[in-house]
Amino acid sequence: MIAYWPDGVQEKGRVSHWTGHFIDIMPTVLEAAGAAYPTEYNGRKILPYEGESFIPILKGNDTSRQSPLFWKWSKGRAVRKDQWKLVSWDGEWELYDMDVDKTETNNVSSNHPKIAAQLDALYHSWLRRCKDNVN
């Protein structure tokens, strides 16, 4: 992502390796605007956003993502936490260490079964939470 915000970006030309996602836009805009996210609309509960503001990154702070990223699309699913990415396309999970394998060519799930199991549990907890909050 390339960001331009004269009053917000502190270090021009800085490259950050923070892991971000589209879901981080909402909390970033809310923080920048000083606005609050509503908890309900027309009497209906609104599912809280799950992204993280990247204002600290724009201000030049080195920080890591605090919560995992989850996504589900078509037959695919994934969870990303720290350097680990657990991903599947209509089948078994594959685990990648994104610090050393950014192209996801070396599935290390058999070398790190506990990490794969932890990420699988996080993914299924997220999926249940999303399904439980659908109106």
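Being a predicted model, the structure only gives us computed values, none of them experimental.
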For [X] and [Y], indicate whether the former's side chain and the latter's backbone hold a donor-acceptor pair under 3.5 Å.
| X | Y | result |
| --- | --- | --- |
| Glu40 | Pro38 | no |
| Glu52 | Gln66 | yes |
| Asp97 | Asp99 | yes |
| Ser88 | Arg77 | no |

Kindly indicate whether a cation-pi arrangement holds for Arg80 with Trp71, taking the cut-offs as under 6.0 Å to the six-membered ring centre and within 45° of the axis.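 No; the conditions do not both hold, so Arg80 does not lie above the ring face of Trp71.
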Identify the two heavy atoms, one from [X] and one from [Y], that lie closest to each other, and give their separation to 0.1 Å.
| X | Y | result |
| --- | --- | --- |
| Leu47 | Tyr37 | O-OH, 3.4 Å |
| Val9 | Ala3 | CG2-O, 4.1 Å |
| Thr105 | Tyr96 | N-CE2, 3.9 Å |
| Ser110 | Pro113 | O-CD, 3.6 Å |
| Asp24 | Gly51 | OD1-CA, 3.3 Å |
| Ala116 | Leu86 | O-CD2, 3.6 Å |

[atom1]/[X] to [atom2]/[Y] distance, rounded to the nearest 0.5 angstrom?
| X | Y | atom1 | atom2 | answer |
| --- | --- | --- | --- | --- |
| His17 | Ile57 | NE2 | CD1 | 11.0 Å |
| Ile23 | Leu69 | CD1 | CG | 5.0 Å |
| Leu119 | Asp82 | CG | CG | 8.5 Å |
| Gln118 | Trp84 | CD | CH2 | 10.5 Å |

Assess whether atom CZ of Phe22 is packed by more than 12 heavy atoms of other residues, nucleotides or ligands within 6.0 Å.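 Incorrect, the count does not exceed 12.
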Is there side-chain contact between [X] and [Y], with heavy atoms separated by less than 4.5 Å?
| X | Y | value |
| --- | --- | --- |
| Glu104 | Met98 | yes |
| Trp18 | Asn61 | no |
| Val100 | Asn106 | no |
| Ile46 | Thr39 | no |
| Trp89 | Ser74 | yes |

Same cluster for [X] and [Y] if Ile/Leu/Val/Met/Phe/Trp/Tyr side chains link at under 4.5 Å?
| X | Y | result |
| --- | --- | --- |
| Leu58 | Tyr4 | no |
| Ile25 | Ile55 | yes |
| Leu127 | Val79 | yes |

I'd like to check the side-chain hydrogen bond (donor to acceptor under 3.5 Å, both in side chains) partners of Glu31; sequence neighbours left out, ordered by chain and number.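 Listed in chain order: Ser53.
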Walk me through whether Ile115 and Gln83 qualify under side-chain contact (heavy atoms from CB on, under 4.5 Å). CA-CA 11 Å; Ile115 292 170; Gln83 84 264 27; over 6 Å; no
Aromatic plane relationship, Trp93 with His124 - under 30° parallel, 30 to 60° tilted, over 60° perpendicular: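 Judged by the thresholds at 30° and 60°, the geometry between His124 and Trp93 is perpendicular.
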Over 60° means perpendicular and under 30° means parallel, so classify the ring planes of Phe70 and Trp126, tilted if in between.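 Trp126 vs Phe70 ring planes: parallel.
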Contacts of Glu50 that satisfy salt bridge (Lys or Arg N to Asp or Glu O under 4.0 Å) - sequence neighbours left out: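 Partners of Glu50 under the salt bridge (Lys or Arg N to Asp or Glu O under 4.0 Å) test: Arg129.
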Does Asp101 pair with Lys85 as a salt bridge, N-O distance under 4.0 Å?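 Not counted as a salt bridge, because no side-chain N and carboxylate O are separated by less than 4.0 Å.
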